[in-house]
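No hydrogens, no waters, no symmetry mates; every other heavy atom, side chains included, goes into these values. First the proteins, then the strands, lettered A, B, ... as listed; each starts at 1.
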Amino acid sequence: MAEPFTFERKHICKQSGARTGVLHTPHGDIETPIFMPVGTQATVKAMTPRDLLDVNANIILGNTYHLYLRPGHKIVEEAGGLHRFMNWNRPILTDSGGFQVFSLAKINDIHEDGVMFRSHIDGSKHFFTPESVMEIEQSLGADIAMCFDECAPYPSDRQYTIDAMERTHRWAQRCKAAHTREDQALFGIVQGGMFADLRIQSAKTLTEMDFPGYGIGGLSVGEPKQIMYEMLEVLMPHMPENKPRYLMGVGSPDCLLEGVLRGVDMFDCVLQTRAGRNGMALTRRGRMTLKNAKYERDFTPLEEGCDCYCCRNFSRAYLRHLFKEKEILGAQLLTMHNLRFTLRLMEDVRRAINEDRFGDFARELLEQGIYDGPGEAKN
RNA sequence: GGAUGGGUUCCCGAGCGGCCAAAGGGAGCGGACUGUAAAUCCGUUGUCACAGACUACGAUGGUUCGAAUCCAUCCCCAUCCA
């Protein structure tokens, strides 16, 4: 029997060097480059699994930190694993919770052994170690699990970044040792902040550990986009070519194109779903705020030519009305559009790569002002 | 007909002699959103020639250096009594 998880490279675009491939997982194949909708709490907010199939989502995310706190990974395991619990039969990737522990549970002590943090829900104390996180992720049973890493904030000085990165490496080793489930792939996570040499060092160290895939963490944490692109360029030559590369937490349509140009295979981002719930639509010509008064009598579809359920059946005026009235359907329809928009974009991206014209494809979309994503430094 | 309580900026509603263009909420308008503590958050909301002036707190008249705030009359509204 074949390996439960393999990555097969398919084509390298002669024009841009971007690549397509296929990830084989126990719950089906994933064509890359891929965008993964985020379903933190065992649900992609506002979407039913049927909706997700409708927009042709292929793999979605779940979150270790959140599912551990509620409902508890043991309950998910009792339910038959995350797939059965949420009734999603295609692939799932679980994030390790490293990002959450370091970004929102602020009262934490970082030890070599693990991290002590307080729940954002009730303030209760919890301790995560690489081993305990592996236990949780194996209970959840996603197709792909992520190592427990330390995501340094932006900006961080060199020494802090080194400490976080080296700890991430040691934890990666421990995660690997503790991970035994054979129907689940465990990805390592490259760190190194905004320091080119550290990024390279991190890539090399993790490559030696031989993971079936690699996350690129610690980017898109508030730095200017140009710096993120530079880091990707510096890093990529040191990432194994025969393994999938997952740029964590990215992105907006422009970042997806820029990431693919630099060799990224997998992306995830909350923007599509969150913005959808808040009344913002992604389109090839940029962002649209459906609440704006100018759409009051605009009876045209959200985006001409879009094949999503929302665009095929409803007008901008109707969407504006739903958002003004805070009707749930508005959030559902826009989330649907934003996901379909992004997944269709990735379908087009793969086709363009396979036809050796991805360079032109990306340039054209970027020039015509495809949604240019969140700005620079936030927080 | 009598008694009592009220009439405040688009709406609700605080203020009860100067610090009031007037709290707070809603609505309106605009902005933000990148490994989801987000169906959330932020800004703004009388007019203008805008560090100032003007018009505004049911109406009119008055007291006062000064009134949304005090007095008089009137007009409405609510509840209760006949």
Side-chain angles (χ1 to χ4, degrees), chain A residues 35-47 60-67 69-70 93-106 117-123 142 144-154 187 189-191 214-225 228 246-256 258-259 264 266-282 287-296 320 322-335 338 342 371-379:
Chain A
F35 171 78
M36 308 181 281
V38 180
T40 306
Q41 315 211 58
T43 165
V44 174
K45 295 182 194 294
M47 292 291 97
I60 61 175
L61 256 67
N63 187 278
T64 302
Y65 170 88
H66 291 282
L67 294 173
L69 288 177
R70 280 183 181 171
L93 178 153
T94 43
D95 186 18
S96 66
F99 187 79
Q100 279 65 36
V101 167
F102 291 101
S103 67
L104 64 83
K106 50 191 162 196
F117 64 94
R118 284 177 185 278
S119 157
H120 69 278
I121 298 168
D122 61 3
I144 302 171
M146 301 302 296
C147 280
F148 186 52
D149 66 328
E150 178 174 350
C151 182
Y154 177 82
F187 280 24
I189 301 178
V190 172
Q191 288 291 348
Y214 295 89
I216 299 164
L219 288 180
S220 189
V221 287
E223 78 282 10
K225 284 182 189 175
M228 177 172 88
Y246 162 31
L247 178 54
M248 306 180 77
V250 176
S252 54
D254 61 330
C255 288
L256 293 174
E258 300 278 5
V264 176
M266 303 163 73
F267 303 85
D268 79 278
C269 192
V270 305
L271 178 68
Q272 282 72 2
T273 45
R274 178 185 291 166
R277 287 192 308 281
N278 294 330
M280 189 192 76
L282 276 49
R287 72 181 73 189
M288 272 174 74
T289 304
L290 270 301
K291 279 182 272 197
N292 286 175
K294 61 183 170 188
Y295 300 119
E296 194 174 18
R320 168 177 147 88
L322 293 177
F323 274 98
K324 295 308 286 183
E325 294 310 307
K326 297 183 169 63
E327 282 291 342
I328 294 174
L329 184 60
Q332 294 176 303
L333 291 176
L334 263 202
T335 298
N338 285 345
T342 306
Y371 175 74
D372 57 351
E376 324 286 71
K378 313 170 304 309
N379 303 330

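Among the protein residues, A:L219 comes within range of no part of the nucleic acid, since none of its heavy atoms lies under 4.0 Å from any strand. The residue A:A331 sits apart from the nucleic acid: no heavy atom pair falls under 4.0 Å. Note on A:G39: nothing from the nucleic acid sits closer than 4.0 angstrom, heavy atoms only. As judged by a 4.0 angstrom heavy-atom cut-off over every strand, A:Q191 is placed among the base-contacting residues.
Counting heavy atoms from C-beta outward, A:L219 and A:V250 have side chains that stay 4.5 Å or more apart. Between A:M266 and A:I144, some side-chain heavy-atom pair lies under the 4.5 Å cut-off.
With sequence neighbours left out, the side chain to side chain contact (heavy atoms under 4.5 Å, CB included) criterion links A:I328 to A:Q332. Partners of A:Y214 by side-chain hydrogen bond (donor to acceptor under 3.5 Å, both in side chains), not counting sequence neighbours: none found. Listed by chain and residue number, A:R320 satisfy the side chain to side chain contact (heavy atoms under 4.5 Å, CB included) test with A:E296 (two or more places apart in sequence, or in another chain). The ring pair (Phe, Tyr, Trp, His ring centres under 6.0 Å) search around A:F323 returns none, not counting sequence neighbours. With sequence neighbours excluded, the residues satisfying side chain to side chain contact (heavy atoms under 4.5 Å, CB included) with A:A142 are A:I92, A:T94, A:Q184.
Atom pair A:K326:NZ and B:A38:P shows a separation of 18 Å (rounding to whole Å applied). In this structure, CG of A:L271 is placed 16 Å from P of B:A38, rounded to the nearest angstrom. Between A:K294 atom NZ and B:G31 atom C1' the separation is 12 Å, expressed in whole Å. The distance from atom CZ of A:F35 to atom C1' of B:U34 is 9 Å, rounded to the nearest whole Å. Taking atom CD on A:Q272 and atom P on B:U36, their separation rounds to 13 Å, with Å as the unit. Atom NE2 of A:H120 is separated from atom P of B:U40 by 17 Å (rounded to the nearest Å). Between the CZ atom of A:R118 and the P atom of B:A37 there is a distance of 19 Å, rounded to whole Å. Whole-Å rounding puts the A:N63 CG to B:A38 P distance at 11 Å.
Taking atom P in both B:C42 and B:U34, the straight-line distance is 16 Å, to the nearest Å. Nucleotides B:U8 and B:A14 have their C1' atoms positioned 9 Å apart, rounded to a whole Å. Of the C1' atoms belonging to B:A3 and B:A27, the separation is 38 Å, rounded to the nearest Å. Across B:G17 and B:G24, the matching C1' atoms stand 23 Å from one another, rounded to whole Å. Of the P atoms belonging to B:C10 and B:G61, the separation is 23 Å, rounded to the nearest Å. A distance of about 37 Å separates the C1' atoms of B:C65 and B:U44, rounded to the whole Å. Using atom C1' as the reference point in both B:U47 and B:G66, the two lie 24 Å apart (nearest Å). Separation of the P atoms belonging to B:C77 and B:C70 is 23 Å when rounded to the nearest angstrom.
Of the residues near RNA chain B, A:I189 and A:I328, the one whose nearest nucleotide (by heavy atom distance) lies more toward the 5' end is A:I189.
Among B:A32, B:U36, B:U40, the nucleotide with an atom closest to any side-chain atom of A:R287 is B:A32. For A:T40, the side-chain atoms get nearest to B:U36 when compared with the rest of B:A27, B:U36, B:U34. For A:L61, whose side chain is taken as the heavy atoms from C-beta onward, the closest listed nucleotide among B:A39, B:C33, B:G35 is B:G35. For A:K45, counting side-chain heavy atoms from C-beta on, the closest listed nucleotide (B:A38, B:G35, B:U34) is B:A38. Comparing B:C29, B:A32, B:U36 by their closest approach to the side chain of A:T273 singles out B:U36. Closest contact between the side chain of A:Q41 and the listed nucleotides B:C29, B:A38, B:U40 involves B:A38. For A:R320, the side-chain atoms get nearest to B:C29 when compared with the rest of B:U36, B:C29, B:U40. Taking only side-chain atoms of A:H66, from C-beta outward, the nucleotide of B:G35, B:A37, B:U34 with the closest atom is B:A37.
Between the side chains of A:D95 and A:Y65, no donor-acceptor pair of N or O atoms lies under 3.5 Å.
Between A:Q100 and the phosphate of B:U36, there is a side-chain N or O to OP1/OP2 separation shorter than 4.0 Å. Checking the phosphate oxygens (OP1, OP2) of B:A27, no side-chain nitrogen or oxygen of A:K324 falls inside 4.0 Å. Residue A:S220 has no polar side-chain atom (N or O) positioned under 4.0 Å from OP1 or OP2 of B:U34. Contact annotation: A:N292 side-chain N/O to B:G31 OP1/OP2 distance is under 4.0 Å.
Side-chain atoms of A:D149 and base atoms of B:G35 include a donor and an acceptor less than 3.5 Å apart.
Between A:H120 and A:H66, the ring planes lie perpendicular to each other; the angle is over 60°, past the 30° to 60° tilted range.
A distance-only check finds no donor-acceptor pair linking the side chain of A:Q191 to the backbone of A:I216 [under 3.5 Å].
Pairing for B:G24 is with B:C12, a Watson-Crick or G-U wobble pair whose two hydrogen-bonding atom distances lie under 3.5 Å. In this structure, B:C80 and B:G2 make a Watson-Crick or G-U wobble pair, each of the two defining distances being under 3.5 angstrom.
Near-neighbour residues of RNA chain B inside residues 274-281 of chain A, defined by a heavy atom below 4.0 Å, number-ordered: A:R274, A:R277, A:N278, A:M280.
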